[in-house]
Amino acid sequence: MGFKCGIVGLPNVGKSTLFNAITASELAAAANYPFCTIEPNTGMVPVPDPRIDRLVEIAHPQRVVPATMQFVDIAGLVEGASKGEGKGNDFLRHIRDCDAIAHVVRCFEDDNIIHVSGGVDPERDIRVIEMELALKDLETVSKRIEKTEKLARSGDKESRTQLEVLGKLRDVLDQGKWARTLEVDDNHQKFVRELQLLTHKPILYIANVAESDLPDGNKLSEIVKRVASEEQAACIVISGKIESEIANLPVEERKDFLETLGLRRSGLDQLIQAGYALLGLRTYFTVGEKEVRAWTIHAGDTAPAAAGKIHTDFEKGFIRAETIAYEEFDRLGGEKQSKEAGKMRTEGKEYVVQDGDVMHFRFSV
């Protein structure tokens, strides 16, 4: 699995419409009223990658397994969600399990689609969600402080250090800021991650505009871009309506449809690319007659860690990795030709896997 991304936003911003489009499903009811999504819906989406198509063309495998992304459609949050308004506590809890947050912001006017706050105002909408997530985190941190204080009084040294970090987190959250804005040294990073704070997760803003405002967006989406820039977050501009139309087209017709709109990529492609960059993800491939498969790893992962994605035994008993850069594999037309040309390398435990590497692992158990 690539990663798990929770889609959040106020009601009627186009969140469920987007989810239906990118998963090509009807799981989430895109209705014109708040809380139509009562339980979080989950969809697995194959990651589009032209490299895997080329590998299939070369190897003619029996099956193909692309990398995937998991999207969770979390029902619309409202002001007061951190206190339970609008099923808020349930919805906020579901975000904890996600690796990243995709915040859909309404940047289109439509009198037929009501806005929960009475009018379109991207910055206000963003701040409502931010505040609710921060308030929920503040509750989590405050409870943890009470528990840790008891341990600290008993003389536990680690608890005293944790109290200092928790105090800093509380100060940041009190100001309505995201926990990830607090600089924490390497020794305390693991502790902060274990808290599973909502505002510690990476965030990607999705400015949902009308079809006529593609590809550059409008004045409303510019507000979202500005906020994202201030928060050092990513932002993409898409049209949920267009994504719905693309999802209903045969695959072979999608490219022409995008070109008529002046677009090079679909919103889904943009979302996946931005998500991978957000979490520092990379892809490597295994290629054979039986299977061509894409594997998702983190930037900086070594060969044994990458092998462990296939099976823990591969990592434990790692001996070496036979590696071919995708560009060479593509240019030369396969493993045999790459090997004959001297382009297959033998890499050891310290090798940092590069995006696109075609790999075969040798291990002993």
Distance-only, no hydrogens or angles: does the [X] side chain make a donor-acceptor pair with backbone N or O of [Y] under 3.5 Å?
{"X": "Asp137", "Y": "Thr199", "answer": "yes"}
{"X": "Thr312", "Y": "Gly308", "answer": "no"}
{"X": "His60", "Y": "Glu57", "answer": "yes"}
{"X": "Lys15", "Y": "Ile74", "answer": "yes"}
{"X": "Glu291", "Y": "Glu289", "answer": "no"}
{"X": "Ser239", "Y": "Val209", "answer": "yes"}
{"X": "Asn208", "Y": "Val13", "answer": "yes"}
{"X": "Arg96", "Y": "Gln196", "answer": "yes"}

Could you pull out all residues at least two apart from [X] that satisfy side-chain hydrogen bond (donor to acceptor under 3.5 Å, both in side chains)?
{"X": "Lys177", "value": "Gln175"}
{"X": "Ser159", "value": "Asp156"}
{"X": "Glu230", "value": "Arg226"}

- Message: Applying ring-ring contact (aromatic ring centres under 6.0 Å, His included) as the test, list every pair that has at least one member in residues 202-229; sequence neighbours left out.
- Response: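 For residues 202-229: His103-Tyr205.
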- Message: Per the ring-ring contact (aromatic ring centres under 6.0 Å, His included) rule, what does the pair list look like for residues 333-365, sequence neighbours excluded?
- Response: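 ring-ring contact (aromatic ring centres under 6.0 Å, His included) check on residues 333-365 returns Tyr284-Phe361, Phe314-Phe363.
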Side chains of [X] and [Y], heavy atoms from C-beta outward: is any pair under 4.5 Å?
{"X": "Lys190", "Y": "Arg193", "answer": "yes"}
{"X": "Phe3", "Y": "Thr296", "answer": "no"}
{"X": "Lys4", "Y": "Val72", "answer": "yes"}
{"X": "Pro202", "Y": "Leu279", "answer": "yes"}
{"X": "Asp355", "Y": "Arg51", "answer": "yes"}
{"X": "Ser16", "Y": "Asp73", "answer": "yes"}
{"X": "Ile203", "Y": "Trp178", "answer": "yes"}
{"X": "Ile95", "Y": "Val8", "answer": "yes"}

- Would Leu10 and Arg106 satisfy side-chain contact (heavy atoms from CB on, under 4.5 Å), going step by step from the backbone distance to the final call? CA-CA 9 Å; Leu10 291 173; Arg106 179 170 168 175; over 6 Å; no
Would you say [X] and [Y] are hydrophobically clustered, going by side-chain heavy atoms of ILVMFWY under 4.5 Å?
{"X": "Ile236", "Y": "Val104", "value": "yes"}
{"X": "Leu278", "Y": "Val47", "value": "yes"}
{"X": "Met344", "Y": "Ile58", "value": "yes"}
{"X": "Val65", "Y": "Phe285", "value": "no"}

Would you mind writing out the side-chain donor-acceptor pairs for residues 257-273 within the sub-3.5 Å range, not counting sequence neighbours?
| unit_1 | atom_1 | unit_2 | atom_2 | d |
| --- | --- | --- | --- | --- |
| Thr260 | OG1 | Phe257 | O | 2.5 |
| Arg265 | NH1 | Gln273 | OE1 | 2.1 |
| Ser266 | OG | Leu268 | N | 3.4 |
| Ser266 | OG | Asp269 | N | 3.2 |

- Message: Pair Ile145, Leu163 - check side-chain contact (heavy atoms from CB on, under 4.5 Å), show working.
- Response: CA-CA 6 Å; Ile145 286 175; Leu163 265 180; 4.0 Å; yes
- Query: Yes or no on side-chain contact (heavy atoms from CB on, under 4.5 Å) for Arg180 and Glu231, after CA distance, side-chain angles and deciding distance?
  - Reply: CA-CA 10 Å; Arg180 62 185 173 85; Glu231 297 181 359; 4.3 Å; yes
- Item | salt bridge (charged side-chain N to carboxylate O under 4.0 Å, His left out) between Glu222 and Lys219, worked out | CA-CA 5 Å; Glu222 286 301 317; Lys219 291 181 179 180; over 6 Å; no
